[in-house]
K.L.:
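Below you'll find the structure I mean.
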Amino acid sequence: MNRKKEQQKQQAAQTAANYIKEGMTIGLGSGTTAHYLIREAGKKYAQGLHFYGIATSRESEQLAASLGIPLLGPKQAGKIHLAIDGVDEIDRDFRAVKGGGGALLREKIIASRADDVIWIMDESKLVEHLGTFPFPVETVPFGMPFVKLRIREMGEVPVLRVRNGSPYLTDSGNHILDIQFAQDADIPAAAERIRKMPGVVETGYFGQMCSRIVAGTSSGGKVMENPHRVIE
């Protein structure tokens, strides 16, 4: 484990947790960085700040529940005031790729419904061009072979995500194909093309959905506002 990166993730989580206010409903993200945030949120709840959470994965739900954070399901949540989650890579135009942890569908649903969205990260996730991180595509199992073939016809090489020798299954029971795009690829255009393929549930392209990002740095959490947020 890279100690510097972990410290930066924790710094970002501590800074982002200050945006949680009394009575809010908070979208709680997934993955290691988001779990730092959930722990910080749990501390605030224990100190008397009352809010509700709606988790983007079973793993995050279990962590939040263990910390005493009251959780809502989709039917009970109604208005989501704030979503905070990690990110796999983001460029200077605030276009992001997420889904390394496999929760991209639920993460995008929550982010699209939130009034305010914060992506938290260590500074290595800030990139000049998207494409450093494998690009995830969530598909229904029946459609996966057909989607895989169509992506190959685009000239890309999709790889079925595997865990413990078997195809990885998301919390929704779907498969994930990972694509390693070239550094000069037009990822927004490719994502839109792939998203329209029958059998594709969602892609890991999150566009400019965030209101701001918080990056952990050597001098603490750095907040950067997004001047052109786009809600998908």
Side-chain angles (χ1 to χ4, degrees), residues 1-13 15-16 27 29-37 56-57 60 83-112 114 117-138 151 154 156-159 161 168 170 176-195 200 202-218 221-232:
M1 182 179 293
N2 186 312
R3 186 169 183 176
K4 179 182 176 181
K5 285 186 178 182
E6 296 307 309
Q7 289 175 337
Q8 290 181 350
K9 291 176 182 179
Q10 190 165 15
Q11 288 171 341
T15 300
S30 302
T32 57
T33 309
H35 285 181
Y36 281 118
L37 179 280
T56 58
S57 68
S60 293
I84 308 177
D85 203 351
V87 66
D88 295 319
E89 60 178 359
I90 187 166
D91 67 15
R92 61 177 60 199
D93 292 320
F94 294 87
R95 298 178 300 183
V97 170
K98 292 167 46 60
L104 61 153
L105 176 59
R106 297 189 183 188
E107 289 172 350
K108 189 170 286 189
I109 290 170
I110 295 300
S112 71
V117 176
I118 301 175
W119 299 148
I120 58 177
M121 67 208 76
D122 65 85
E123 60 185 350
S124 72
K125 303 300 174 64
L126 301 168
V127 298
E128 286 296 317
H129 304 285
L130 298 178
T132 302
F133 195 86
F135 183 83
V137 177
E138 185 165 343
I151 293 174
M154 290 175 56
E156 306 297 341
V157 182
V159 177
R161 190 177 297 186
Y168 173 83
T170 69
I176 290 181
L177 295 169
D178 288 309
I179 307 168
Q180 187 65 64
F181 285 114
Q183 280 289 335
D184 60 350
D186 186 343
I187 289 182
E192 182 62 23
R193 184 176 174 185
I194 292 170
R195 192 177 183 184
V200 171
E202 192 50 85
T203 77
Y205 180 65
F206 277 64
Q208 297 168 320
M209 296 181 74
C210 67
S211 311
R212 63 186 59 85
I213 62 177
V214 181
T217 70
S218 57
K222 180 180 179 181
V223 179
M224 289 168 270
E225 302 287 336
N226 180 4
H228 35 242
R229 181 189 181 196
V230 177
I231 302 175
E232 296 194 359

K.L.:
Does any part of the side chain of Glu202, heavy atoms only, come nearer than 4.5 Å to the side chain of Arg195, both counted from C-beta?
P.N.:
yes
K.L.:
Mark yes or no for whether Asp91, through its side chain, and Asp93, through its backbone, hold a donor-acceptor pair below 3.5 Å.
P.N.:
yes
K.L.:
According to side chain to side chain donor-acceptor pair (under 3.5 Å), who are the partners of Thr15, at least two apart in sequence or on a separate chain?
P.N.:
none
K.L.:
Is any side-chain heavy atom of Ile176 closer than 4.5 Å to a side-chain heavy atom of Leu104?
P.N.:
yes
K.L.:
Do the side chains of Tyr205 and Ile194 get nearer than 4.5 Å, heavy atoms only?
P.N.:
no
K.L.:
Less than 4.5 Å apart, side chain to side chain, heavy atoms only: is that true for Ile213 and Lys125?
P.N.:
no
K.L.:
So, do Arg229 and Gln208 sit near enough that their side-chain heavy atoms are less than 4.5 Å apart?
P.N.:
no
K.L.:
Would you sort out whether Met224 and Leu126 count as a side chain to side chain contact (heavy atoms under 4.5 Å, CB included), showing the intermediate values?
P.N.:
CA-CA 11 Å; Met224 289 168 270; Leu126 301 168; 4.2 Å; yes
K.L.:
Who pairs with Phe181 by ring pair (Phe, Tyr, Trp, His ring centres under 6.0 Å), at least two apart in sequence or on another chain?
P.N.:
Phe135
K.L.:
Testing the basics here: between Asp85 and Ala34, what is the closest heavy-atom pair and its distance to 0.1 Å?
P.N.:
OD1-CB, 3.7 Å
K.L.:
Using the side chain to side chain contact (heavy atoms under 4.5 Å, CB included) rule, take Lys4 and Glu123 through it: C-alpha gap first, then chi angles, then the decisive distance, then the call.
P.N.:
CA-CA 10 Å; Lys4 179 182 176 181; Glu123 60 185 350; 4.0 Å; yes
K.L.:
Looking at side-chain heavy atoms only, is the closest gap between Ile151 and Ile179 below 4.5 Å?
P.N.:
yes
K.L.:
Do the numbers put Lys98 on top of the ring of Trp119, so that NZ or CZ is under 6.0 Å from the six-membered ring centre and no more than 45° off the axis?
P.N.:
yes
K.L.:
Could you go through the side chain to side chain contact (heavy atoms under 4.5 Å, CB included) check for Ile90 and Val127 one step at a time?
P.N.:
CA-CA 6 Å; Ile90 187 166; Val127 298; 6.0 Å; no
K.L.:
Taking the side chain as C-beta and beyond, is there a heavy-atom pair between Thr132 and Gln183 under 4.5 Å?
P.N.:
yes
K.L.:
Phe94 and His228: which non-hydrogen atoms are nearest, and at how many Å?
P.N.:
CD1-NE2, 4.0 Å
K.L.:
Listed by chain and number, what are the side chain to side chain donor-acceptor pair (under 3.5 Å) partners of Gln180, not counting sequence neighbours?
P.N.:
none
K.L.:
What I want to find out is whether Lys9 reaches Glu6 closely enough, with some N-O distance under 4.0 Å, to be called a salt bridge.
P.N.:
yes
